[in-house]
Undergrad: 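Structure provided below as structure tokens; questions to follow.
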Amino acid sequence: MSDRIVRAITSDGMVQAAAISSRDLTERARQIHKTLPVATAALGRTLAGCAMMGNALKGQGASLTLQIKGTGPLGTILAVSDPAGNVRGYVANPQVDLPLRPDGKLDVGTAVGAEGGTMTVIKDLNMKEPYVGTVDLLGGEIAEDIASYFVESEQIPTACGLGVLIERDQSVRAAGGYLIQLMPGADEDTITRVEGGVLAAGNVSAILDKDPDPEHLLKTVLSDFDVKILESDPVEYKCYCSRERVLGALASLSADDLASLREEQKDIEVRCQFCDAVYNFTPEEIAALNTPKEEEKE
Ligand code: ZN
């Protein structure tokens with residue numbers, strides 16, 4: 001089954017939810033960044049959470065950035081979603097390798113390092129100022145951190161589950177998750193039923209391994225509710241880099257950096273930080289970037 005996000009609401013209107021199946025885009029991220037398993041899991045969870053959050057945005061050109069600045073060996077993890085839920089991302093140190101936890105699971109929490117770390121969400125709705133919210137990391141396992149972001153920063157009671165299952169050959173076997181949010185006016189009984197469903201459903205990657213359909217995942221977690229599916233969108237790993245954009249980024253380097261690039265008098269190669277694209281620029285193109293700012297204004 002190809003990657004997909006579904007959005008749903010319960011028939012009583014008290015709970016809204018999204019779920020994603022993201023095996024293919026997580027595997028694509030692994031191949032681009034050559035991540036080892038614990039980094040694949042951390043980046044895969046971040047991409048899945050970011051995709052569901054981005055898919056909730058409306059408006060062309062809008063984007064949602066999810067940045068996890070932990071204090072563990074992985075370093076910063078960053079993911080960006082377009083308003084459809086297509087995502088791209090990277091992890092600073094993709095080759096981190098850690099022993100498994102005593103329960104046999106990948107130790108994402110230690111690799112991320114919650115102590116002293118933060119999670120930042122940037123919603124750029126293509127208006128003047130993007131909305132930025134930052135919270136302290138709770139445990140570094142990412143799903144609980146996203147839930148705590150919604151509770152603290154947006155005052156929305158939220159349950160989040162994310163999972164990435166890795167094959168013996170280190171490829172991605174299953175990936176995805178869910179995001180469940182209470183609507184204003186939801187009562188104690190609704191909260192209890194959501195919590196009960198989350199507990200009963202258990203491990204997300206195990207559910208997706210048996211059945212990768214995100215609609216079934218949602219109905220499993222919200223088994224105590226009548227669930228109405230509102231939307232179902234295909235999603236993929238998608239980068240928006242281009243030669244022009246990379247050249248634009250080079251032009252914003254400091255005058256000193258540009259001068260030293262020019263002095264080298266040779267082709268320079270720039271790799272996109274999100275995908276496997278490589279762009280080459282000639283010394284002439286680099287020299288042309290050196291237009292003094294005063295002249296540009298004329
Ligand atoms: Zn790219």
Side-chain angles (χ1 to χ4, degrees), residues 2-5 20-37 39-55 57 59-69 74-96 119-126 130 132 142 164 170-172 175-176 233-254 257-258 261 264 266-286 288-289:
S2 51
D3 294 347
R4 179 164 287 279
I5 293 178
I20 182 171
S21 172
S22 55
R23 193 215 80 95
D24 291 359
L25 69 86
T26 310
E27 173 62 12
R28 174 89 178 101
R30 181 186 78 90
Q31 289 173 5
I32 291 168
H33 299 293
K34 300 179 174 54
T35 46
L36 290 180
T40 308
L43 180 57
R45 291 182 195 179
T46 306
L47 288 168
C50 182
M52 288 188 286
M53 292 164 80
N55 178 267
L57 300 179
Q60 246 197 336
S63 68
L64 186 140
T65 302
L66 180 58
Q67 182 191 52
I68 298 170
K69 271 194 166 164
L74 288 176
T76 297
I77 308 168
L78 188 122
V80 185
S81 174
D82 71 14
N86 298 303
V87 275
R88 58 195 186 274
Y90 62 79
V91 49
N93 301 308
Q95 300 284 325
V96 166
M119 171 180 280
T120 298
V121 174
I122 303 163
K123 287 185 195 175
D124 189 345
L125 303 172
N126 245 349
V132 182
I142 298 167
V164 174
Q170 300 195 344
S171 65
V172 179
D233 302 317
V235 289
E236 62 181 352
Y237 192 99
K238 191 170 184 180
C239 186
Y240 288 91
C241 68
S242 67
R243 219 183 132 70
E244 289 66 36
R245 283 194 180 204
V246 173
L247 204 56
L250 283 177
S252 69
L253 290 176
S254 71
D257 287 344
L258 275 175
L261 275 180
E264 289 185 24
K266 61 181 187 191
D267 280 15
I268 71 152
E269 182 184 282
V270 181
R271 287 174 179 277
C272 175
Q273 60 186 337
F274 291 109
C275 73
D276 39 17
V278 179
Y279 299 94
N280 288 288
F281 299 97
T282 63
E284 290 73 31
E285 285 174 297
I286 302 300
L289 289 177

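We count ligands from 1, going down the list as the structure has it; atoms in each ligand are counted the same way. Predicted model only: the values in this text are computed from it and were never measured.
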Undergrad: Per the salt bridge (charged side-chain N to carboxylate O under 4.0 Å, His left out) rule, what does the pair list look like for residues 272-282, sequence neighbours excluded?
TA: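 Listed by first then second residue: R28-D276.
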Undergrad: Can you tell me which residue among H33, E27, K34 is in a side-chain hydrogen bond (donor to acceptor under 3.5 Å, both in side chains) with Q31?
TA: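 For Q31, the side-chain hydrogen bond (donor to acceptor under 3.5 Å, both in side chains) test succeeds with only one of H33, E27, K34, which is E27.
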Undergrad: Are there more than 12 heavy atoms of other residues, nucleotides or ligands under 6.0 Å from atom NZ of K123?
TA: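 Above 12, so yes.
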Undergrad: When you compare the side chain of E236 with that of D3, does any pair of heavy atoms fall below 4.5 Å?
TA: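 They are not in contact (no side-chain heavy atoms under 4.5 Å apart), so the answer is no.
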Undergrad: Protein N/O/S atoms under 2.8 Å from the Zn ion (ligand 1): how many?
TA: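 Near the Zn ion (ligand 1), the number of protein N, O or S atoms below 2.8 Å is 4.
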Undergrad: In this structure, are over 12 heavy atoms from other groups packed under 6.0 Å from R243 atom CZ?
TA: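 Atom CZ in R243 is crowded, with more than 12 foreign heavy atoms closer than 6.0 Å.
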Undergrad: State whether the number of non-hydrogen atoms from other residues, nucleotides or ligands found under 6.0 Å of Q60 atom CD is greater than 12.
TA: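 At most 12 heavy atoms, drawn from other residues, nucleotides or ligands, come within 6.0 Å of this atom.
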